[in-house]
Amino acid sequence: MSTQSARAHIHDLLTHALLAAQRENRLPPLATTDVTVEYAPPEKADYASNLALRLSRAVRMPPMQVAEVIVAALPESPYLAEAAAAPPGFINFRLSEQWLARQVGDISAQGSTYGDCDVGGGAALQIEFGSANPTGPLTIGSGRNIVLGDTLARVLAAANFAVQREYYVNDVGSQMDTFARTLLARYRQLHGVDAHVPADGYAGEYMVELAAQVKEAEGDSLLDLPESEALQQLHERGLALMLTSIRDDCALLGVEFDEWLSQAWLEDEGRVQGAIDTLRERGRVAEREGAVWFVSTDVEEDKDNVLVRSTGDPTYFAADIAYHAYKLERGYTTLIDVWGADHHGHVPRVKASMAALGHDPERLTVLLYQLVRVLRGGEEVRMSKRTGDVVTVREVVDEVGVDASRYFLVARSPDTAMTFDLDLAQQESDENPVYYIQYAHARTVSILDRAQQEGFDRDAANLALLRHPAELDMLRHMVRLPELVEDIAVQLAPHRLAFFAQELAGLFHAFYRDCRVLDADDRPLSHARLQLVHAARLVLARCLHLMGMSAPDHM
RNA sequence: GCGCCUGUAGCUCAGUGGACAGAGCAUCGGUCUUCGGAACCGAGGGUCGGGGGUUCGAAUCCCUCCAGGCGUGCCA
């Protein structure tokens with residue numbers, strides 16, 4: 001970063017002013033006050049602080065007076081054209097137009113890294129997402145998980161975290177057993193043997209296709225095996241095939257993981273037993289009703305939870321305890337899990353287990369997202385994983401493309417039980433917001449190409465010529481990208497990217513209308529505007545890439 | 001019963017302590033087609049689920065009620 005963001009700079013100015021005002025006895029001595037800077041309504045200012053309003057009571061002065069004292073103590077800054085107190089006690093800041101125009105040069109110089117910030121400070125962060133059971137193809141719900149996780153990972157990397165992406169493979173347990181039993185039934189059926197899919201089995205057609213693949217590879221050799229052995233082999237084969245399919249689905253979405261971590265591996269390594277042993281040593285384990293329990297009743301949970309079933313098998317929860325301990329053991333200081341809201345009850349007990357093992361549960365943040373409804377032909381598609389009646393990632397990407405898929409899945413707050421309208425996402429019309437952003441990018445490219453053909457030289461630009469309101473409005477938005485990346489990294493709110501990009505595209509289109517870029521009669525202005533268009537292209541492309549979308553040159 | 005999430009314009013959704021509550025789409029009316037019209041401008045449309053409270057200030061925080069989704073000791 002060659003320069004500090006405007007917001008961070010104003011924050012520092014206010015902090016200095018506050019100290020200076022106290023030093024000069026224009027304000028009484030204060031305990032440390034956290035200074036906040038926010039975006040102001042555009043007609044009032046660019047940035048604003050409510051510092052004086054919040055201080056008013058403590059210093060026993062009217063807010064407006066406090067604001068005026070602070071304004072008077074503000075250092076000069078090349079960033080600002082104006083700082084003023086405004087009723088009822090806000091401190092408003094206007095960015096300098098000359099400073100804004102100069103940012104075009106900074107943005108161009110930073111190129112595809114413009115937008116980076118340093119909230120992470122290089123800290124090792126792990127984000128675990130996806131992590132759907134490998135018992136069926138990825139559903140659109142998992143798609144939301146993966147798109148949210150991947151977009152966050154991209155933003156966190158831009159915020160200077162050392163990001164590792166991991167998919168947790170839940171390859172043991174009762175659901176996998178059911179998966180294997182279903183596969184065996186389908187395999188037998190393909191050989192003309194009378195067999196039935198278990199009542200709790202996976203009825204989806206994909207299981208027949210899996211069985212066919214096994215048949216192709218193994219012929220009838222599994223038919224004569226003892227059932228337990230056949231099940232074990234089908235478990236392995238089916239798992240491998242499902243993982244390949246899931247990996248392919250992720251690739252369709254443009255997502256790659258650094259690690260696929262297997263629950264079976266954790267168990268084989270003795271890490272699950274080890275975690276249980278450690279909890280026992282710490283007096284946090286009880287045995288009753290034939291099972292082993294994690295005792296958390298007096299701590300963070302309202303109930304105890306089973307670690308080892310009466311059958312002797314460890315639960316998913318026990319493995320997850322070992323898994324989270326292993327994450328920290330590998331040196332990640334910040335952990336993020338992306339889970340569907342149906343797992344929210346799992347959060348307190350995982351955190352309780354971290355505390356019980358002597359770790360700081362605050363290291364883990366769980367991003368919960370609500371479920372996805374799908375609209376097709378204007379009607380809600382009923383889904384059931386058990387019957388195999390699901391809308392898959394593959395179907396959606398095939399129908400609407402990867403860009404629209406990702407856009408729609410990321411553009412809603414994780415807390416919203418979103419509706420995915422397949423027909424809208426598929427439309428290549430002005431009803432579809434996806435193309436609005438991409439079209440703006442394509443327009444920038446088109447102008448830049450044309451400028452080159454017609455012999456304009458943007459390197460000769462005098463940026464001080466940029467003073468049209470449409471130019472400055474676009475710049476005011478563009479300089480907020482590093483602040484946006486910071487906010488998204490802190491709030492884990494990737495959907496804000498979509499809104500930012502949408503607004504920037506709108507500002508660009510308005511600029512395009514109001515400001516002729518290529519004008520042979522005014523080459524100096526054309527050159528400056530070309531630099532601005534070039535910078536706009538960089539920012540639009542960065543937004544699109546952070547969302548995992550393409551930034552097309554032509555549409 | 002209890003816990004979490006949600007309820008904002010006709011629809012899909014932003015905004016979670018600040019300034020008269022916003023966007024896209026839809027509707028209606030304009031630009032009329034010289035750098036890409038997949039664009040732009042304007043208009044109408046909301047007791048922010050209801051009620052109470054805290055605060056200088058509440059869509060935002062607290063209480064309560066209503067509605068929907070998800071969950072609630074040996075599925076994950």
Side-chain angles (χ1 to χ4, degrees), chain A residues 36 38 40-41 43-45 48 50 53-54 56-57 62-63 86-90 92 131-133 135 170 173-176 178 200 263 288-294 297 301-311 313-320 339-349 368-371 373 375 408 411-419 421 424 427-436 438-440 442-451 454 456 491 495-496 498-499 502-503 505-506 508-510 512-519 526 529-530 533 554-555:
Chain A
T36 58
E38 60 199 30
E43 66 280 5
K44 305 263 186 192
N50 62 2
L53 285 159
R54 289 190 296 111
S56 171
R57 184 189 299 270
F90 292 104
N92 285 341
S131 303
N133 285 345
T135 54
N170 178 223
S174 58
Q175 295 191 5
M176 279 308 290
T178 303
D200 58 346
Q263 182 182 343
R288 63 173 181 267
E289 300 166 44
V292 179
W293 301 71
F294 172 53
T297 314
E301 268 272 72
D302 56 356
K303 58 181 172 16
D304 295 341
N305 293 281
V306 171
L307 295 170
V308 183
R309 300 181 182 91
S310 44
T311 60
D313 294 324
T315 58
Y316 173 85
F317 176 47
D320 224 17
W339 293 350
D342 52 340
H343 288 64
H344 78 258
H346 195 54
V347 177
R349 52 179 177 265
L368 297 168
Y369 63 94
Q370 300 295 318
L371 304 183
R373 286 193 296 266
L375 227 54
F408 277 85
R412 306 285 184 257
S413 159
D415 280 337
T416 294
M418 62 168 291
T419 301
D421 186 334
L424 173 61
Q427 280 181 48
E428 296 189 9
S429 75
D430 54 2
E431 289 175 42
N432 190 336
V434 175
Y435 300 101
Y436 185 77
Q438 293 185 319
Y439 177 66
R443 249 186 173 176
T444 63
V445 174
S446 169
I447 295 169
L448 293 167
D449 284 351
R450 183 154 178 149
E454 297 184 3
F456 288 91
Q491 301 165 6
H495 65 285
R496 295 192 47 193
F499 288 88
Q502 195 77 22
E503 192 171 345
F508 175 75
H509 288 309
Y512 179 88
R513 176 196 71 237
D514 291 341
C515 299
R516 174 86 201 178
V517 177
L518 302 179
D519 180 357
S526 297
R529 286 181 170 169
L530 274 170
V533 170
H554 307 283
M555 297 183 65

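Numbers restart at 1 for each chain; the letters A, B, ... are given by sequence-line order, proteins then strands.
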With Val306(A) as reference, evaluate Trp293(A), Tyr316(A), Phe294(A) under the side-chain contact (heavy atoms from CB on, under 4.5 Å) test and give the passing residue.
Trp293(A)
Please classify the nucleic acid contact of Phe90(A) as base, sugar-phosphate, or nothing, using heavy-atom distances under 4.0 Å.
base
If the plane angle is over 60° it's perpendicular, under 30° parallel, otherwise tilted; pick one for His495(A) and Phe499(A).
perpendicular
Using a 4.0 Å heavy-atom cut-off, does Arg349(A) contact any base of the nucleic acid, only the sugar-phosphate backbone, or nothing at all?
base
Using a cut-off of 4.0 Å on non-hydrogen atoms, how would the nucleic acid contact of Leu53(A) be classed: base, sugar-phosphate, or nothing?
base
Who are the side chain to side chain donor-acceptor pair (under 3.5 Å) partners of Glu454(A), not counting sequence neighbours?
Arg450(A)
Name the nucleic acid region contacted by Ala411(A), choosing base, sugar-phosphate or nothing; use a 4.0 angstrom heavy-atom cut-off, strictly under.
nothing
Ala341(A) near the nucleic acid: base, sugar-phosphate alone, or nothing, with a heavy-atom cut-off under 4.0 Å?
sugar-phosphate
When we call it a touch if two heavy atoms are under 4.0 Å apart, what does Asp200(A) touch: a base, just sugar-phosphate, or nothing?
nothing
Counting any heavy atom closer than 4.0 Å, what does Tyr512(A) reach on the DNA or RNA strands: base, sugar-phosphate only, or nothing?
base
Find the distance Tyr439(A):OH to G24(B):C1' and express it as a whole number of Å.
18 Å
Does the C5(B) base have a donor-acceptor partner in the side chain of Gln370(A) within less than 3.5 Å?
no
Could you state the atom-to-atom distance from CG of Asn133(A) to C1' of A76(B) in whole Å?
5 Å
Regarding Thr36(A) and Asn50(A), is there a side-chain donor-to-acceptor distance under 3.5 Å anywhere?
yes
Identify whether any heavy atom of Glu289(A) sits under 4.0 Å from a base atom; if not, whether one sits that close to sugar-phosphate; answer base, sugar-phosphate or nothing.
base
Paired and unpaired positions of RNA chain B as dot-bracket, Watson-Crick or G-U wobble under 3.5 Å, | denoting a partner strand
(((((((..((((....[...)))).(((((.......))))).....(((((..]....))))))))))))....
May I ask you to say what Asn50(A) touches in the nucleic acid, namely base, sugar-phosphate or nothing, with a heavy-atom cut-off under 4.0 Å?
base
Whole angstrom value for the distance that separates P of U12(B) from CZ of Arg412(A)
10 Å
Just to confirm, is there a sub-4.0 Å distance from OP1 or OP2 of C56(B) to any side-chain nitrogen or oxygen of Arg57(A)?
yes
Base, sugar-phosphate or nothing for His495(A)? Non-hydrogen atoms, less than 4.0 Å.
sugar-phosphate
More than 12 heavy atoms of other groups within 6.0 Å of Arg288(A) CZ
yes
Want to settle it: does Ser446(A) or Trp293(A) sit nearer the 5' end of RNA chain B, counting the closest nucleotide to each?
Ser446(A)
Select base, sugar-phosphate, or nothing to describe what Thr416(A) touches, counting heavy atoms under 4.0 Å on all strands.
sugar-phosphate
Return whichever of Ala45(A) or Ile447(A) has its heavy-atom-nearest nucleotide of RNA chain B closer to the 5' end.
Ala45(A)
Quick one: label Ala451(A) by what it contacts on the DNA or RNA (base, sugar-phosphate, nothing), any heavy atom closer than 4.0 Å.
nothing
Looking across every strand, which nucleic acid part, if any, lies under 4.0 Å from Glu43(A) by heavy atom: base, sugar-phosphate, or nothing?
base
According to a strict under-4.0 Å criterion, is Arg513(A) in side-chain N/O contact with OP1 or OP2 of U33(B)?
no
Report yes if a donor N or O on one partner sits less than 3.5 Å from an acceptor N or O on the other, where the partners are the side chain of Asp342(A) and the base of G71(B); otherwise report no.
no
For Ala48(A), which contact category applies under a 4.0 Å heavy-atom criterion: base, sugar-phosphate, or nothing?
base
Return the orientation label for the His346(A) and Phe317(A) ring planes: parallel under 30°, perpendicular over 60°, tilted otherwise.
perpendicular
Can you sort out the partners of Tyr512(A) under ring pair (Phe, Tyr, Trp, His ring centres under 6.0 Å), two or more places apart, ordered by chain and number?
none
Report yes or no: is there a donor-acceptor pair, N or O only, under 3.5 Å between the side chain of His344(A) and the base of G3(B)?
yes
